[in-house]
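One structure below.
None of the values given here were measured: they were computed from a predicted structure. Computation of the quantities below employed the complete heavy-atom set of this structure, encompassing side-chain atoms and omitting hydrogens, waters and symmetry-equivalent molecules. In each ligand, atom 1 is the first atom listed, and ligand 1 is the first ligand listed.
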Amino acid sequence: MCGIVAYVGSKQCQQLMLEGLKRLEYRGYDSAGIATIDHGKIRVVKTIGRVANLEDKLETVGAMRGTIGMCHTRWATHGGVTDFNAHPHTDDKSGICIIHNGIIENYASLKTYLEEKGHRFVSQTDTEVLAMLIGELYDGDLEAAVQAALRECTGAYGIVVMCEREPETLVAARKGSPLMVGVGDGEFLVASDGSAIISHTSQAFALEDYQVVKITPQGFRTSTIHNVPVTPKVQQLEIELEEIELGGYSHFMQKEIFEQPKALRNTFRGRFGIEDGRVVLGGLADHAKELVKAKRVVLLGQGTALHAAMIGRYLFEDLAKIPATSEFSSEFRYRNPMIEENTVAIAVSQSGETADTLAALIEAKDRGALALGVINVVGSTIARETDAGVYLRVGPEIGVASTKAFVGQVAALTLVAMWMGRRRYMSADQCSSLMKSFEQIPEKIERVLATDEHIKKVTQKYVDRENWLFLGRGYNYPTALEGALKLKEISYIHAEGMPAAEMKHGPIALINEGMPAVFIANRGRQYEKVMSNIQEVRARGGHVIAVATEGDENIRKYAEDVFYVPDIEEPLSPILTVVPLQLMAYHAAVLRGHDVDKPRNLAKSVTVE
Ligand code: G6P
């Protein structure tokens with residue numbers, strides 16, 4: 001979602017802040033703004049649209065000067081997409097300037113209080129309310145005013161504040177919305193994501209919830225919002241610059257699809273004990289006894305992560321023989337979920353920051369579940385809330401449409417299911433043989449990637465169609481959902497994914513002449529049944545595009561177009577069958593002229609409900 005970059009030091013900061021902001025563009029936003037303190041005066045420039053629009057505006061109105069400043073990309077929550085509602089916001093009294101990620105939930109009552117005090121608002125945002133509140137409480141000490149204001153707020157925030165009367169001070173604070181502080185030599189950056197910091201310094205620390213940091217060029221002090229001092233752990237940021245740059249690809253999504261073999265090699269590294277048929281997951285070791293006794297697994301996620309969680313359900317039932325369910329975390333958190341004894345809740349999330357998944361995990365934990373995480377971003381909020389977990393290790397995912405994180409999530413869930421299965425029902429031989437198949441996956445994905453040109457040509461044939469169906473069964477029913485989601489997200493084509501058998505119960509009415517229906521029809525337990533479903537579509541004039549197993553010539557009789565994937569055990573198949581669907585969505589979006597990495601209305605990580 002929104003992006004934050006702020007700087008204090010000795011350099012002119014406009015350019016370096018905007019470069020950082022560009023690294024956060026992938027998170028999704030609709031407006032951008034910048035502020036610096038120049039000769040004791042705050043100057044703010046903001047605009048709807050892209051960071052590039054902000055740069056154009058700066059060319060017209062004049063560049064920002066100053067060695068302290070902040071900039072922001074906003075994804076609208078309170079108030080429409082307008083210049084006024086874009087951040088930074090200022091107060092009307094004390095020369096306060098603020099940028100904010102998150103939502104101040106009690107902003108309406110605070111606004112009434114401030115209006116009674118005579119403050120006049122120019123935007124419809126909760127952030128301006130916070131600016132006014134800090135201004136109202138300011139009495140010569142910005143840090144104290146921020147702490148006092150935050151004690152009055154409920155909701156989520158990652159904020160950076162500066163003030164004309166303390167022109168060398170930045171104050172930042174966090175609750176529920178990530179903030180990193182980069183520690184350089186006489187200079188500091190604050191950002192909502194380490195990728196905006198890494199080209200300046202690799203030393204950084206993450207603020208924890210309810211923590212505040214006061215930063216000047218001379219140093220920093222961290223405390224809680226109740227002013228209790230805390231000592232942060234400054235650490236080396238584990239991001240390589242090349243991981244967050246395009247490196248010859250046209251889009252991050254494309255780069256990340258092609259990176260999947262390498263990403264999975266990292267997911268597997270050191271985790272296969274083929275000799276004794278044991279999966280090695282250090283992150284679970286401390287909870288081995290509880291995991292062996294597990295009676296139920298509840299998998300939680302949203303979006304693509306939910307699709308991985310749905311595959312996880314099949315994996316836990318098949319490989320570990322544990323009853324399992326998968327759920328939208330947004331629904332789970334507001335139900336009255338029954339958590340029996342020995343339940344393991346698994347949060348699946350790329351970012352580790354999705355608000356609903358975090359809340360659902362906490363709900364499950366409060367009700368006695370052991371909390372596991374299958375997360376990509378190391379040290380993220382959900383990762384810190386879990387009792388144990390497995391990191392995906394697929395590297396930073398920049399493309400808004402999740403690809404390599406999906407295969408990483410499915411792979412990691414398979415490893416957890418095997419780890420549990422091996423301690424319950426699986427023999428060493430079964431486990432070793434599955435691991436050997438696993439090891440071949442990267443090379444098999446490479447074979448699918450090599451068919452990219454063919455996938456592009458097929459996509460070209462159908463790209464003008466506005467309604468698509470994606471159908472699969474068993475392990476590849478969630479893959480069908482993921483294929484439909486990918487197409488929707490970036491090409492804005494209406495696509496529905498569903499279990500192939502469900503089609504007969506209503507959606508079949510949609511099928512008309514030439515409607516593309518993508519079937520995941522690899523060899524597996526339900527192959528024949530999928531064939532019958534394919535014929536039902538054909539009989540009504542639909543055009544079938546099938547994802548099939550290499551060597552399956554039979555399928556050509558039924559499908560107009562075929563994407564082949566190498567043969568593999570069924571539980572591992574979604575990791576291969578999803579790849580042509582990712583490539584097809586990518587090509588459809590490019591052919592339709594859309595900005596693949598910045599799809600409209602979407603955010604990379606959704607940190608609000
Ligand atoms: C957003 C993104 C999706 C993602 C979902 C869950 O909606 O646009 O691509 O799948 O959040 O994100 P997470 O970080 O929890 O995996």
Atoms of ligand 1, numbered as shown, that sit under 4.0 Å from any heavy atom of [X]:
X	result
Ala305	10 (O), 16 (O)
Gln350	13 (P), 14 (O), 15 (O), 16 (O)
Thr304	10 (O)
Glu489	9 (O)

[X] touching ligand 1 at heavy-atom level, < 4.0 angstrom:
X	value
Ala603	yes
Thr357	no
Glu353	no

Indicate yes or no: does an N/O atom of Ser605 lie under 3.5 Å from an N/O atom of ligand 1?
->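 For ligand 1, there is no N or O atom that lies under 3.5 Å from one belonging to Ser605.
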What distance separates Glu243 CD from Glu256 CD, expressed to the nearest 0.5 Å?
->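 Here the interatomic distance stands at 10.5 Å.
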Between Thr403, Thr354, Leu392, flag the one that comes closest to atom 13 (P) of ligand 1 by a heavy atom.
->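 Of the listed residues, Thr354 has the closest heavy atom.
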So, Arg174 versus Asn101: side-chain donor-acceptor pair below 3.5 Å or not?
->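 Looking only at side-chain atoms, Asn101 and Arg174 do not form any donor-acceptor pair under 3.5 Å.
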Verify the distance criterion only: is there a donor paired with an acceptor across the side chains of Asn476 and Thr577 at less than 3.5 Å?
->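 Asn476 vs Thr577: donor-acceptor pair found between side chains.
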Got Leu284 and His287 here, is their nearest side-chain heavy-atom distance under 4.5 Å?
->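 Leu284 does not reach His287 side chain to side chain.
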State, with a plain yes or no, whether a side-chain heavy atom of Leu581 is found less than 4.5 Å away from one of Val518.
->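 Yes; the side chains approach each other to less than 4.5 Å.
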Between Arg600 and Tyr492, is NZ or CZ placed under 6.0 angstrom from the six-membered ring centre and within 45° of the ring axis?
->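 The answer is yes, since Arg600 meets both limits relative to Tyr492.
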